[in-house]
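Letters A, B, ... mirror the listed sequences (proteins, then strands); counts begin at 1.
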Protein chains: 2
Amino acid sequence: MAQKNKLQFIILGLLDQQPLTGYDLTKAFDHEIGEFWQAQHSQIYPQLKRLEEQGYITHEITISGEKLEKKLYHTTPTGQAVLTTWITAGTPELTATKDEFILKLYFVRTNRDPRLPEMLLEQLQLHVDKSEHLQARLATVFPTKKSQAENFGHYLILQHAIGRENYYVTWLKQTLAALPK
Amino acid sequence: MAQKNKLQFIILGLLDQQPLTGYDLTKAFDHEIGEFWQAQHSQIYPQLKRLEEQGYITHEITISGEKLEKKLYHTTPTGQAVLTTWITAGTPELTATKDEFILKLYFVRTNRDPRLPEMLLEQLQLHVDKSEHLQARLATVFPTKKSQAENFGHYLILQHAIGRENYYVTWLKQTLAALPK
DNA sequence: GTAAAACATGTAACTTATTACATGTTTTAA
DNA sequence: TTAAAACATGTAATAAGTTACATGTTTTAC
């Protein structure tokens, strides 16, 4: 049976690496994690509550400045076991993509459609930008072989995301080049 | 502002190509469309109702056999205009992927983790199978240059999906090969 | 002939995800 | 000094998506 509520495992995984606040978790979804999963703080805070109720995580309160309370969450041994089970279990279902642009293309019936070049060029720009942005991050976050080895999973997914964007760019260029003059 | 309720446009696009029933639409999401968008019949039937209420589509009833009623939907001129507007508008937001496997990888901290080879090999098999399946479909559905030109969008997205799977396969193989002995 | 699979259409309940509402603190830069 | 940005945490309302419930017909293969 397919595991559901993946968000709980992602949060568990992040908290297992280091204690974090709900705010920190929210930010994590803006960067590398966000390439492969998205969540807003309105989903994260209630999920933290549920994970704590289940005994998978706990928190301690720290004070920032005069009175701003931060809840630093971390995993419990139970939570760590649940996380390991999730990672170790197979992942036999390929999560399907949602790509609005590709769908628009689907409804373009001929390669002579005058809208095609413009549509493809817009996406080309977007994916080139994204690839460059990710490459800059890779260079910043993982400048050395050592840093890559120390956070191997993180390095892998960044590298995967870049490759994916590069494939998209290649495909767009190729498709543009194949259009009739 | 980002366009929402993409499903309505996809249905509109499919119905604009040829009249279809809700059942036909459901099946369409099992094949090529399903590579880029998913929907169950429980989402499709209510959406058809709404689209008809808005005057974007209409239907006529045909009888199959003795008494089985089929509702064949097709677009109205209003619906066609709405569809064109959607396609012509830019698509500046890259729809983000959700990939559970990649997230699991993220939580693998070192390249010596004994679970890694197994995890990567499972995905390799899945993506090889998928690529092969898609390639078989491409060969069946688009055997000639002529057939490719006649349904250009459909051809493009199938080809894109294959390339995407192939990139995934390449990346997995490369990652496997780079693991320490 | 008959059973299974495919065809066909819908609703209900529930889960997941997004956007909006709501409030307050701390840090940074002008 | 003060305004803006960032930090920080929550809930409410809505939208989107999945699973389950519910029913009946037609075709295909045995």
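Between the CZ atom of B:F29 and the P atom of D:dA16 there is a distance of 14 Å, rounded to whole Å. Distance A:R50 CZ to D:dG10 P: 13 Å, rounded to the nearest Å. In this structure, A:K67 atom NZ and C:dT23 atom C1' are separated by 12 Å, rounded to whole Å. Per the geometry, CD belonging to A:Q47 stands 13 Å off P belonging to C:dT15, to the nearest Å. Rounded to an integer number of Å, the gap from CD1 of B:I63 to P of C:dT9 is 11 Å. In this structure, A:L68 places its CG atom 6 Å from P of D:dA8, rounding to the nearest Å. Whole-Å rounding puts the B:K70 NZ to C:dA8 P distance at 4 Å. Counting to the nearest Å, the P atom of D:dG10 and the CG atom of A:L25 are 12 Å from each other.
Each of A:G65 and B:K71 was matched to the nucleotide of DNA chain C holding its nearest heavy atom; the match closer to the 5' end belongs to B:K71. Remark on DNA chain C: of its neighbouring residues B:Q43 and B:K27, the 5'-side contact belongs to B:K27, judged by nearest-heavy-atom nucleotide. Sequence order on DNA chain D of the closest nucleotides to A:P46 and A:S64 puts A:S64 first from the 5' end.
Its side chain within the 4.5 Å cluster rule, A:L94 clusters with B:L126 among the Ile, Leu, Val, Met, Phe, Trp and Tyr residues.
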Determine, stepwise, if the pair A:H41 / A:F29 fulfils ring-ring contact (aromatic ring centres under 6.0 Å, His included).
CA-CA 10 Å; A:H41 76 276; A:F29 284 95; over 10 Å; no
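At a cut-off of 3.5 angstrom, counting only N and O atoms as typed in the model, there is a donor on one side and an acceptor on the other between the side-chain of A:S42 and the base of C:dT19.
Look at A:K49 and you'll find a side-chain N or O under 4.0 angstrom from OP1 or OP2 of D:dT11. Checking the phosphate oxygens (OP1, OP2) of C:dT9, no side-chain nitrogen or oxygen of B:Y23 falls inside 4.0 Å. Put simply, A:K98 has a side-chain N or O that comes within less than 4.0 Å of OP1 or OP2 on D:dG17. Here B:Q40 does not reach the OP1 or OP2 of D:dG17: none of its side-chain N or O atoms lies under 4.0 Å away.
Side-chain proximity of B:W37 to the nucleotides D:dG17, D:dT9, C:dT16 is greatest for D:dG17.
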Sequence neighbours excluded and cut-off under 3.5 Å, please list the side-chain donor-acceptor pairs for residues 56-72 of chain A, or say none.
unit_1 : atom_1 : unit_2 : atom_2 : d
A:T58  : OG1    : A:H74  : NE2    : 3.4
A:H59  : ND1    : A:E52  : OE1    : 3.1
A:H59  : ND1    : A:E52  : OE2    : 2.8

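Taking 4.5 Å as the limit, every side-chain heavy atom of B:E118 sits out of range of all side-chain heavy atoms of B:E122.
Under the 3.5 Å distance criterion, with hydrogens and angles disregarded, a donor-acceptor pair is assigned to the side chains of B:Q135 and B:S131.
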